[in-house]
Amino acid sequence: MTLRFGPAALAFGSAAVIATAAAAHHGWSSYDAERTMRPTAQVLESSWGSPHGSIVIAINGQRWDVVLAPVSRMQTRGLSEADIAVGRTVTVEGYPRLDGTREMRAERITAGGKTVELR
């Protein structure tokens, strides 16, 4: 038995792969831009890599993931990996996720004595 895959099957497969990749990344529409948060907290975890940096902080005793900007943008604007290292105190201004997940999209961060715009 020979299986034949036509253009429709190829298009469907391609669309499925693209949709999966897009869903894996953060869509900015999933954050509540009407509700700004501005916590000051100690960095519990820090990631300085692609596709963007991130930190974990505690807000009212709960762990929150904070999505930062791409590393190249943070470096260009004066933020270093050392500024957001574990144990450092930062103030993050951003928006929480709409679905209640403890994750924040950071617009700016104050760390190492400077405030850096991330978007």
Side-chain angles (χ1 to χ4, degrees):
M1 180 167 121
T2 302
L3 295 176
R4 295 180 190 233
F5 296 100
L10 180 60
F12 176 77
S14 297
V17 169
I18 291 168
T20 301
H25 196 267
H26 308 276
W28 294 144
S29 63
S30 61
Y31 295 89
D32 186 354
E34 301 298 317
R35 200 173 122 221
T36 304
M37 299 176 66
R38 195 169 192 278
T40 297
Q42 195 172 60
V43 176
L44 304 175
E45 295 177 24
S46 180
S47 173
W48 188 262
S50 282
H52 48 70
S54 64
I55 58 174
V56 175
I57 60 175
I59 302 174
N60 298 324
Q62 296 182 320
R63 293 170 61 91
W64 277 72
D65 294 313
V66 180
V67 180
L68 302 173
V71 170
S72 60
R73 184 180 310 154
M74 292 189 292
Q75 287 175 324
T76 299
R77 296 183 180 175
L79 190 69
S80 71
E81 185 173 7
D83 291 330
I84 62 166
V86 172
R88 300 295 301 260
T89 298
V90 298
T91 299
V92 183
E93 186 172 342
Y95 310 119
R97 284 186 59 96
L98 288 165
D99 67 4
T101 301
R102 289 188 304 267
E103 181 179 278
M104 174 200 286
R105 169 191 167 192
E107 290 293 314
R108 64 195 50 80
I109 187 168
T110 301
K114 57 190 161 263
T115 299
V116 177
E117 295 293 324
L118 299 175
R119 302 288 161 227

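Everything numeric in this text was worked out from a predicted model, so none of it was measured.
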- Item | Inter-residue atom distance Ser29.OG - Leu98.CG, 0.5 Å rounding | 8.0 Å

- Note on the structure: So OG of Ser80 and CH2 of Trp48: to nearest 0.5 Å the spacing works out to 6.0 Å

- Query: Can you tell which of Thr91, Ile59, Val92 makes a side chain to side chain contact (heavy atoms under 4.5 Å, CB included) with Thr40?
  - Reply: Thr91

- Please walk me through it: do Arg77 and Val116 pass side-chain contact (heavy atoms from CB on, under 4.5 Å)? CA-CA 6 Å; Arg77 296 183 180 175; Val116 177; 3.6 Å; yes

- Query: What distance separates Arg97 CZ from Trp64 CH2, expressed to the nearest 0.5 Å?
  - Reply: 10.5 Å

- Intermediate values then yes/no, side-chain contact (heavy atoms from CB on, under 4.5 Å), Met104 and Val67: CA-CA 6 Å; Met104 174 200 286; Val67 180; over 6 Å; no

- State which residues pass side chain to side chain contact (heavy atoms under 4.5 Å, CB included) with Thr115; sequence neighbours excluded, sorted by chain then number. Arg108, Thr110

- Query: Mind checking who shares a hydrophobic cluster with Leu44, ILVMFWY linked at side-chain heavy-atom distances under 4.5 Å?
  - Reply: Val56

- dist Glu45:CD -> Asp65:CG (nearest 0.5 Å) comes out at 7.5 Å

- Item | Heavy-atom closest pair, residues Leu68 and Met74 | CB-SD, 3.8 Å

- Task: Kindly compute the distance separating OG (Ser46) from CG (Asp83), expressed to the nearest 0.5 Å.
- Result: 10.0 Å

- Give the minimum heavy-atom separation between Ile57 and Val43, together with the two atoms involved. CG2-CA, 4.3 Å

- Message: Between the side chains of Arg105 and Glu107, is the shortest nitrogen-to-carboxylate-oxygen separation below 4.0 Å, so that they form an ion pair?
- Response: yes

- Verify same cluster id: Val66, Tyr95 (apolar side-chain graph, 4.5 Å): no

- With rounding to the nearest 0.5 Å, note down the distance linking CD in Glu93 to CD in Glu117. 8.0 Å

- Evaluate whether atom CG of Asp99 has more than 12 neighbouring non-hydrogen atoms of other residues, nucleotides or ligands under 6.0 angstrom away. yes

- Closest contact, heavy atoms only, Ala58 versus Ala41: O-CB, 3.5 Å

- Could you tell me whether a side-chain N or O of Arg73 sits under 3.5 Å from a main-chain N or O of Leu118, the two making a donor and an acceptor? yes

